[in-house]
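See below for the structure under consideration.
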Amino acid sequence: MPELPEVETVRRTLAPLLRGKRIEAFQLDWPRTLARPSLAEFERSIIGREISGVDRRAKLLLIELAEGAAISVHLRMTGELLYSEGDLAAAVERSAYLRARFGLSGGAALLFFDVRKFGRIAYLTPGERAELERAYGPEPLAEDFTVDRLTRMLSGRRRQIKPLLLDQQVIAGLGNIYADEALFQAGIHPLHSAHEIDDARIAALHAAIRGILQTAVELRGTTLRDYRTGTGESGQNQRRLQVYGAPKGSPCPRCGTPLERLVVGQRGSTVCPHCQPLVMLDRPRQ
DNA sequence: CACTGAGCCTGCTAGC
DNA sequence: TGCTAGCAGGCTCAGT
């Protein structure tokens, strides 16, 4: 599913192709794909306008129009945003799942495919865009995401670490894949209470989050099934995954202990019980 | 504040 | 072989 590295890759592939194009038409094949405003108002807001760039905040793609307005696209689970100049093979292949289409100047098009129909498109006024961007937590690859900042974010919070990492208002862009990978690499159990994690493991978590995301961006994302870049190619980070998606009982890549599967915050999690010990300091032993 | 569960969706697969 | 129940999960909203 698209997380920060996948959305960033889509942004990088689309930005040079979309910049300077004018939106000439919009077609909506699944009404709920357009979150807001109404179809008529959406069309009124975007048609005839020129795309000035493509930005990203957390897992949100922002197709920028003049003066700070933007079209936001959230891919959620299976969304794909593909640029096409006519005969893109990947687009033809997935045409049954086309949910929306932007007709662009010069005969090009921007196609939104989404098998599961969870993805959402919206128009944001400059004010709405600014407000939305403020609501997200820090970008983990930005310079201001330091060990100190992560330490402050975790201190005094009694929540379990994994749901905390998945909370986009706490830290932006992590999803189930990279959260599991980062916790494994840092040797932290997903149920661990955030404020009980020691300084050494916080530093390890910080390094793991940044290192794993950086590598995944360089490899253009993780393609397990649906994810594609803005030009229809697969990512290459899937071969780097250590634990995500590993079947229960398969050996830990580091120590060989059988991996466990558990549900944390209603999401499947893969854990090595040896490398990721669960220490409950404030609870009596059963 | 923190947590839980429902709902949105369809393709895939394990199990019969 | 063919069917079906259950699973995958990002995000929002309602309720405790």
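The sequence lines fix the lettering, A, B, ..., with proteins before strands; numbering per chain opens at 1.
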It should be established whether A/Gln168 places a side-chain nitrogen or oxygen under 4.0 Å from OP1 or OP2 of nucleotide C/dC11. yes

Is any side-chain nitrogen or oxygen of A/His74 closer than 4.0 Å to OP1 or OP2 of C/dC11? yes

Give the angle between the helix axes at the two ends of the helix from B/dA2-C/dT16 to B/dC16-C/dG2, taking five base pairs at each end and rounding to 10°. 50°

Can you get from A/Leu39 to A/Ile46 by hopping between Ile, Leu, Val, Met, Phe, Trp and Tyr side chains that sit under 4.5 Å apart? yes

Are the charged groups of A/Arg56 and A/Glu8 less than 4.0 angstrom apart, N to O? yes

Below 4.0 angstrom, N of the basic side chain to O of the carboxylate: do A/Glu218 and A/Arg240 qualify? no

Smallest heavy-atom separation, A/Ala15 atom then A/Val54 atom, equals CA-CG2, 3.7 Å

Categorize [X] for me: base, sugar-phosphate, or nothing, with a 4.0 angstrom heavy-atom threshold over every strand shown.
X        : answer
A/Met1   : sugar-phosphate
A/Glu3   : nothing
A/Arg261 : sugar-phosphate
A/Gly268 : sugar-phosphate
A/Arg225 : sugar-phosphate

Report, one line per pair, each donor and acceptor closer than 3.5 Å where one atom sits in a side chain of residues 62-73 of chain A; sequence neighbours left out.
{"from": "A/Glu64", "atom 1": "OE2", "to": "A/Arg129", "atom 2": "NH1", "distance (Å)": "3.3"}
{"from": "A/Glu64", "atom 1": "OE2", "to": "A/Arg129", "atom 2": "NH2", "distance (Å)": "2.7"}

To the nearest Å, give me how far apart [atom1] ([X]) and [atom2] ([N]) are.
X        : N      : atom1 : atom2 : result
A/Asp114 : C/dA8  : CG    : P     : 20 Å
A/Arg267 : C/dT12 : CZ    : C1'   : 12 Å
A/Leu75  : C/dG10 : CG    : C1'   : 11 Å
A/Ile177 : C/dA8  : CD1   : P     : 13 Å
A/Phe118 : C/dA8  : CZ    : P     : 14 Å
A/Asp167 : C/dT12 : CG    : C1'   : 13 Å
A/Gln266 : C/dG6  : CD    : C1'   : 16 Å

Where does the chain A footprint on DNA chain B start and end, counting 5' to 3' with a 4.0 Å heavy-atom cut-off? B/dA2 to B/dC12

Check whether A/Tyr123 forms a cation-pi arrangement with A/Arg44 (NZ or CZ under 6.0 Å from the six-membered ring centre, at most 45° off the ring normal). no

Gap separating the CG atom of A/Leu61 from the CZ atom of A/Arg11, nearest 0.5 angstrom: 9.0 Å

Taken to the nearest 0.5 Å, the spacing of A/Phe42 CZ from A/Ile47 CD1 works out to 8.5 Å

For DNA chain B, whose closest nucleotide is more 5', that of A/Pro163 or that of A/Arg76? A/Pro163

Is A/Glu233 atom CD crowded by more than 12 heavy atoms from other residues, nucleotides or ligands, each under 6.0 Å away? yes

For residues 139-164 of chain A, which residue pairs qualify under ring-ring contact (aromatic ring centres under 6.0 Å, His included), counting only residues two or more places apart or in two chains? A/Phe145-A/His206

A/Phe118 and A/Thr78, any side-chain heavy atoms less than 4.5 Å apart: no

Listed by chain and number, what are the side-chain hydrogen bond (donor to acceptor under 3.5 Å, both in side chains) partners of A/Arg57, not counting sequence neighbours? A/Glu139

Contact check, residues 27-40 of chain A vs DNA chain B, heavy-atom distance under 4.0 Å, returns A/Trp30, A/Arg32

